[in-house]
Amino acid sequence: MEIAPDFFEYFEAAANLLDKDRSIMAVSSWNDNGQKQFVHDPYVLYRSDFFPGLGWMLLRTTWDELSPKWPKAYWDDWLRLKENHKGRQFIRPEVCRTYNFGEHGSSLGQFFSQYLEPIKLNDVNVNWKTMDLSYLMEDNYLRYFANLVQNATPLYGNDFVLKANNVKVDVRIQYKDQADFENIAR
């Protein structure tokens, strides 16, 4: 693992969120969608229902709760199970604070070239001690995220992927129904 220049400061600042908001299970330094073409803002953090893994921290009390039943393998998938995260969420950065350069590991390299190699490691030394992270508190985040979605540029039609590549702002892809969503997701 390679770490970003602000790796330790990021976790130090995020520890305050863990202390104050029990709806947060862990803080991660990883974004599964953190490939170079998808990320741009090293100052933004998000809440997620999905455990991103690869460099994370949790409270000792959470470890004490989970460690007696911790699995020998596939612990990242195990942490994503509802019976383990119990509705708690995860904090993750837009731009990763860790980079996995190991081509061969427990996944035998099956994810490296397609998913891990193109990940962008943050190269900006963010001064997290001066950042106001209160938007990540549970009640504040609902308003914050709703505002992001509302202000995103809507895209419609079959050529939305091409349109999204040429837009330098946040976008939202709107769909009509479940079948339309599944078609777009494919």
Side-chain angles (χ1 to χ4, degrees), residues 1-36 38-39 41-126 128-129 131 133-142 144-145 185:
M1 286 290 228
E2 185 176 347
I3 62 172
D6 63 343
F7 175 87
F8 293 107
E9 292 82 5
Y10 164 67
F11 277 117
E12 185 178 353
N16 291 323
L17 293 169
L18 277 174
D19 288 337
K20 294 177 185 173
D21 187 342
R22 298 301 174 179
S23 70
I24 300 171
M25 182 173 187
V27 175
S28 178
S29 61
W30 183 258
N31 173 3
D32 284 310
N33 297 307
Q35 296 177 356
K36 295 171 180 106
F38 300 133
V39 299
D41 193 342
Y43 297 89
V44 174
L45 307 177
Y46 295 97
R47 287 180 75 112
S48 175
D49 295 326
F50 185 81
F51 175 68
L54 293 182
W56 48 276
M57 108 179 132
L58 47 72
L59 292 173
R60 171 71 185 241
T61 54
T62 307
W63 174 249
D64 290 343
E65 167 196 331
L66 296 171
S67 62
K69 55 184 182 172
W70 198 266
K72 295 197 184 301
Y74 304 107
W75 52 264
D76 50 345
D77 292 327
W78 178 81
L79 275 174
R80 293 176 184 127
L81 298 174
K82 287 182 183 178
E83 62 263 24
N84 295 320
H85 69 74
K86 299 178 182 174
R88 294 171 288 189
Q89 294 184 310
F90 307 93
I91 303 294
R92 66 151 180 91
E94 178 169 323
V95 182
C96 293
R97 274 23 193 213
T98 51
Y99 179 77
N100 185 339
F101 57 81
E103 198 167 336
H104 302 287
S106 61
S107 62
L108 303 175
Q110 65 183 341
F111 303 112
F112 186 74
S113 63
Q114 187 175 2
Y115 299 110
L116 298 177
E117 187 177 31
I119 291 291
K120 175 171 177 40
L121 176 65
N122 177 53
D123 56 3
V124 175
N125 198 2
V126 175
W128 289 105
K129 292 177 184 172
M131 300 287 293
L133 301 181
S134 63
Y135 73 95
L136 292 160
M137 300 295 284
E138 185 175 28
D139 293 339
N140 297 341
Y141 193 75
L142 295 174
Y144 169 80
F145 192 74

field: Closest heavy-atom pair and its distance - F7, T98
entry: CE1-CG2, 3.5 Å
- line: Here the gap from D76 atom CG to D32 atom CG, rounded to the nearest 0.5 Å, amounts to 9.0 Å
statement: Value for CZ (F8) from CD1 (I3), rounded to nearest 0.5 Å, stands at 4.0 Å
task: Using side chain to side chain donor-acceptor pair (under 3.5 Å) as the criterion, list what pairs up with R22, not counting sequence neighbours.
output: none
- prompt: If every non-hydrogen atom of C96 is compared with every non-hydrogen atom of W30, which pair is closest and at what distance?
  reply: SG-CE3, 3.8 Å
- request: Give a yes or no on whether F50 atom CZ has more than 12 heavy-atom contacts from other residues, nucleotides or ligands under 6.0 Å away.
  value: yes
Side chain to side chain donor-acceptor pair (under 3.5 Å) against R92, all qualifying residues, sequence neighbours excluded: none
Minimal non-hydrogen separation, S28 against G53, with atom names: OG-O, 2.8 Å
task: Check the pair L59 / D19 against side-chain contact (heavy atoms from CB on, under 4.5 Å), numbers first and verdict last.
output: CA-CA 8 Å; L59 292 173; D19 288 337; 3.5 Å; yes
- prompt: Can you tell if the side chain of I91 reaches within under 4.5 Å of the side chain of L18, non-hydrogen atoms only?
  reply: no
query: Taking all atoms of both residues into account, what is the closest heavy-atom pair of G55 and F11, and its distance?
result: O-CZ, 3.6 Å
- request: Would you please name every residue forming a salt bridge (Lys or Arg N to Asp or Glu O under 4.0 Å) with D123, sequence neighbours left out?
  value: K120
statement: By salt bridge (Lys or Arg N to Asp or Glu O under 4.0 Å), K86 pairs with (sequence neighbours left out) E65
- line: Those residues at least two apart in sequence (or on a different chain) that pass side chain to side chain donor-acceptor pair (under 3.5 Å) with K69 are N84
message: Please give me the minimum heavy-atom distance between V124 and P42, naming the atom from each residue.
response: CG2-CG, 3.8 Å
Residues which pass ring-ring contact (aromatic ring centres under 6.0 Å, His included) with F145, listed by chain and number, not counting sequence neighbours: Y141
field: Pairs where residues 44-60 contributes a residue and the test salt bridge (charged side-chain N to carboxylate O under 4.0 Å, His left out) is met, not counting sequence neighbours
entry: D21-R47, R60-D64
query: Under the side-chain contact (heavy atoms from CB on, under 4.5 Å) test, which residues partner K72, sequence neighbours left out?
result: none
- prompt: How would you list, by chain and number, every residue that makes a side chain to side chain donor-acceptor pair (under 3.5 Å) with S134, sequence neighbours excluded?
  reply: D132
message: What verdict does the side-chain contact (heavy atoms from CB on, under 4.5 Å) test give for L133 and Y135, after you've listed the backbone C-alpha separation in whole Å, the side-chain angles of each residue and the deciding distance to 0.1 Å?
response: CA-CA 5 Å; L133 301 181; Y135 73 95; 4.3 Å; yes
Gap between atom CG of L17 and atom CG of L45 - 0.5 Å precision: 8.0 Å
statement: Taking every heavy atom of A14 against every heavy atom of V27, the minimum-distance pair comes out as CB-CG1, 3.5 Å
- request: Look at atom NZ of K36 and say whether more than 12 heavy atoms of other residues, nucleotides or ligands are closer to it than 6.0 Å.
  value: yes
Sequence-distant partners of A4, side-chain contact (heavy atoms from CB on, under 4.5 Å), two or more places apart: D6, R97, L121, N122
message: Working note: I119 + Q35, criterion side-chain contact (heavy atoms from CB on, under 4.5 Å); need CA distance, chi angles, decisive distance, verdict.
response: CA-CA 4 Å; I119 291 291; Q35 296 177 356; 4.0 Å; yes
query: When rounded to the nearest 0.5 angstrom, what distance separates CG in L136 from CG in N16?
result: 12.0 Å
task: To the nearest 0.5 angstrom, please state how far the CD atom of E12 sits from the CE atom of M57.
output: 9.5 Å
- request: Give a yes or no answer on whether the side chain of S29 reaches the backbone of L54 with a donor-acceptor pair at less than 3.5 Å.
  value: yes
message: Run the ring-ring contact (aromatic ring centres under 6.0 Å, His included) test against F51 and tell me which residues pass, sequence neighbours left out.
response: W56, F90
field: For D41, side-chain contact (heavy atoms from CB on, under 4.5 Å) partners two or more places apart
entry: Y43, V44, E94
message: To the closest 0.5 Å, what do you measure between CD (E83) and NE2 (H85)?
response: 8.5 Å
